[in-house]
Number of protein chains: 2
Amino acid sequence: MSHTLGIRQVQKQKTRQALLDAALGLLEEQSLSSLGLREVTRAVGVAPTAFYRHFRSTADLGVALVEEALGSLHPMIRQTVATAEDSDQRIVRAVRLIADHVDAHPAHVRFLARERHGGVQPVREAIRDQLARFAEEVKAELAKDPESGGWNDSDLLMLAHLYVDQMLITASLFLEARETSDVEHERERVTRLATRQMRLISVGRRHWLG
Amino acid sequence: MSHTLGIRQVQKQKTRQALLDAALGLLEEQSLSSLGLREVTRAVGVAPTAFYRHFRSTADLGVALVEEALGSLHPMIRQTVATAEDSDQRIVRAVRLIADHVDAHPAHVRFLARERHGGVQPVREAIRDQLARFAEEVKAELAKDPESGGWNDSDLLMLAHLYVDQMLITASLFLEARETSDVEHERERVTRLATRQMRLISVGRRHWLG
DNA sequence: TCATCCAGTTAACAACTGTTCTCCGGAATT
DNA sequence: AATTCCGGAGAACAGTTGTTAACTGGATGA
């Protein structure tokens with residue numbers, strides 16, 4: 001049972017979302033640590049002081065963006081790892097899913113890649129924690145696979161982190177591909193590269209024991 | 001035969017280096033896109049206008065920092081991949097070399113990890129180009145290995161990029177470990193993780209063909 | 001209906017930014 | 001010895017920043 005929000009709270013959420021969207025747009029050409037509060041409110045069309053009704057600071061807004069960005073990534077990762085059938089087909093599909101996600105949410109992906117090692121500590125920590133949770137999820141999915149017989153938890157988590165990092169690297173490459181002159185060709189190149197890298201890791205996984 | 005520089009050029013290089021060092025220090029707690037020109041000159045103790053005698057902008061300074069940071073990383077990567085003997089021993093040594101490099105040049109590593117996907121385009125490009133050159137170097141070393149029989153250039157480069165990315169991820173983890181309460185324990189944990197990940201990739205490499 | 005609440009506004013603050021122009025004093029050149 | 005060169009200093013510019021305080025008006029709840 002969802003509590004119906006008054007038109008007051010609805011308006012507040014609307015401008016809050018407008019602030020997040022505007023910030024995400026501005027962050028395509030700069031880092032969070034240089035994002036100004038006034039810059040964001042100006043883009044939305046509200047007074048600078050309205051910002052404080054929603055966020056304590058731009059760093060606080062950044063943490064909110066982490067939730068949003070990784071929230072949209074959440075179902076994608078599930079879908080990537082879960083589907084079984086042939087191993088090679090799974091990799092091909094995973095890479096395509098990553099490419100599609102980058103096309104659907106380029107700004108979110110850019111934000112995560114940029115701020116994962118960025119200059120704002122709370123945001124870095126938020127991303128690190130969320131990625132760790134993703135790795136746990138991936139590990140749980142990997143554990144279901146019959147190919148994981150004889151693997152201990154530590155090794156499974158190690159592999160999960162390898163996959164998660166590889167996904168982010170691949171996503172970042174697809175992002176760069178979008179800024180190329182020959183977009184289609186570059187996307188193809190990245191697809192081939194990422195597929196082979198994933199495949200090599202999978203080969204390593206298959207022969208890990210013994 | 002090195003041309004002896006006049007005391008004028010020597011002084012210029014000295015303040016230039018001071019600017020680079022000060023910037024590197026300031027960048028431990030922020031990103032390049034928020035680094036102010038006056039901020040840097042203030043830290044060095046020179047007039048703001050002196051900055052223009054050395055760099056066109058802070059972005060220009062950033063590109064210079066890329067050269068410096070990857071220059072110090074250059075010999076390390078050579079040493080990492082080159083030494084042959086037992087395969088497992090090579091991995092163990094490589095991880096230790098990375099750890100030592102992070103301890104020796106933490107600010108450089110932080111700068112590269114942060115600005116690789118950062119908000120300043122020319123710096124991103126400079127890092128990308130340099131890393132591509134490193135991957136070419138790694139590929140050349142891998143080609144010497146008898147284990148690379150039957151590998152084509154494309155696959156070798158694919159593997160080289162995998163190794164380079166893995167090195168950067170590992171370096172970044174060692175960097176984060178330094179900011180932990182239990183530094184020694186965390187460093188140990190990262191060492192074990194990175195070693196196993198490298199090992200898995202090597203297993204994949206060994207069984208890649210056929 | 002009336003008092004309360006509260007998202008957003010307006011105005012003002014000191015502090016800061018990048019950039020230009022003019023100048024200085026010592027090194028470099030002739 | 002005389003002249004040129006040039007890294008750095010100084011002052012001033014318009015424009016920006018985060019933050020504070022007091023205020024407005026429409027939604028909210030009694």
Side-chain angles (χ1 to χ4, degrees), chain A residues 2-27 29-65 115 118-123, chain B residues 2-27 29-65 115 118-123:
Chain A
S2 62
H3 182 263
T4 307
L5 281 67
I7 57 181
R8 202 172 202 174
Q9 314 233 15
V10 169
Q11 259 302 332
K12 178 167 184 179
Q13 302 259 22
K14 198 173 286 183
T15 59
R16 184 192 135 101
Q17 190 58 46
L19 288 170
L20 288 170
D21 292 347
L24 205 55
L26 291 166
L27 285 174
E29 291 163 337
Q30 61 183 315
S31 307
L32 182 62
S33 77
S34 67
L35 183 69
L37 156 173
R38 298 183 95 109
E39 200 178 349
V40 178
T41 57
R42 193 185 313 129
V44 174
V46 298
T49 48
F51 185 91
Y52 292 107
R53 302 289 181 196
H54 304 276
F55 307 103
R56 226 178 293 266
S57 63
T58 52
D60 192 25
L61 178 145
V63 173
L65 275 178
E115 301 303 330
V120 183
Q121 205 204 28
V123 174
Chain B
S2 63
H3 181 263
T4 306
L5 282 66
I7 58 180
R8 203 172 202 173
Q9 315 231 16
V10 169
Q11 259 303 331
K12 180 167 182 178
Q13 302 258 20
K14 198 173 286 182
T15 59
R16 185 191 135 100
Q17 190 58 46
L19 288 170
L20 288 170
D21 293 347
L24 205 55
L26 291 165
L27 285 174
E29 292 163 336
Q30 61 183 314
S31 306
L32 182 62
S33 77
S34 66
L35 183 69
L37 158 170
R38 299 183 95 109
E39 200 178 349
V40 178
T41 57
R42 192 186 312 130
V44 174
V46 298
T49 49
F51 185 91
Y52 292 106
R53 302 290 183 193
H54 304 276
F55 307 102
R56 226 179 295 265
S57 62
T58 52
D60 192 25
L61 178 145
V63 173
L65 276 178
E115 301 303 331
V120 184
Q121 205 203 30
V123 173

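Letters go in sequence order (proteins before strands), and every chain restarts at 1. Keep in mind that this is a model prediction, so the values were computed, not measured.
- A donor-acceptor contact closer than 3.5 angstrom is absent between the side chains of B:S34 and A:S34.
- In this structure, CG of A:L35 is placed 18 Å from P of C:dT17, rounded to the nearest angstrom.
- When rounded to the nearest whole Å, the span between CD of A:Q11 and P of C:dG8 equals 7 Å.
- Side-chain proximity of A:E39 to C:dC6, C:dT17, D:dT17: nearest is D:dT17.
- Mapping B:T15 and A:R8 onto DNA chain D by nearest heavy atom places B:T15 at the nucleotide closer to the 5' end.
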Go through the steps for A:Q13 and A:R8 under the test side-chain contact (heavy atoms from CB on, under 4.5 Å), then give the verdict. CA-CA 9 Å; A:Q13 302 259 22; A:R8 202 172 202 174; over 6 Å; no
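- Atom CD1 of A:I7 is separated from atom C1' of D:dG25 by 13 Å (rounded to the nearest Å).
- Scanning DNA chain C for stems, defined as runs of 3 or more consecutive Watson-Crick or G-U wobble pairs whose donor-acceptor distances all fall under 3.5 Å, gives the following ranges: C:1-12 with D:19-30, C:14-17 with D:14-17, C:19-30 with D:1-12.
- Atom pair A:K14:NZ and C:dG8:P shows a separation of 11 Å (rounding to whole Å applied).
- Using a 4.0 Å cut-off, no side-chain N or O of A:S57 falls inside it from OP1 or OP2 of D:dG18.
- At a threshold of 4.0 angstrom between heavy atoms, the contacts of A:A47 include nucleobase atoms, whether or not backbone atoms are also involved.
- At D:dT17, one or more side-chain N or O atoms of A:R42 fall inside 4.0 Å of OP1 or OP2 (strictly under the cut-off).
- In this structure, B:Q9 and A:V46 both approach DNA chain C, and ranking their closest nucleotides by distance from the 5' end singles out A:V46.
- Whole-Å rounding puts the A:R53 CZ to D:dA21 P distance at 13 Å.
- Atoms OH (B:Y52) and P (D:dG8) sit 15 Å apart, rounded to a whole Å.
- Between B:L32 and the options B:L65, B:V63, B:L27, a side-chain contact (heavy atoms from CB on, under 4.5 Å) holds for only B:L27.
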side-chain contact (heavy atoms from CB on, under 4.5 Å) evaluation trace for B:H54 with B:K12: CA-CA 8 Å; B:H54 304 276; B:K12 180 167 182 178; 3.4 Å; yes
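- Between the side chain of B:S33 and the backbone N or O of A:S31 there is at least one donor-acceptor pair closer than 3.5 Å.
- Remark: B:T49 is not in phosphate contact with D:dG10, judged by side-chain N or O atoms under 4.0 Å from OP1 or OP2.
- Residue B:L37 contributes atom CG, which lies 15 Å from atom P of C:dC16 at whole-angstrom precision.
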Using side-chain contact (heavy atoms from CB on, under 4.5 Å), reason through B:F51 and B:L61 one step at a time and then give a plain yes or no. CA-CA 10 Å; B:F51 185 91; B:L61 178 145; 3.8 Å; yes
Could you walk me through whether B:F55 and B:R16 pass side-chain contact (heavy atoms from CB on, under 4.5 Å), step by step? CA-CA 9 Å; B:F55 307 102; B:R16 185 191 135 100; 3.5 Å; yes
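- When rounded to the nearest whole Å, the span between CZ of A:R38 and C1' of C:dT10 equals 12 Å.
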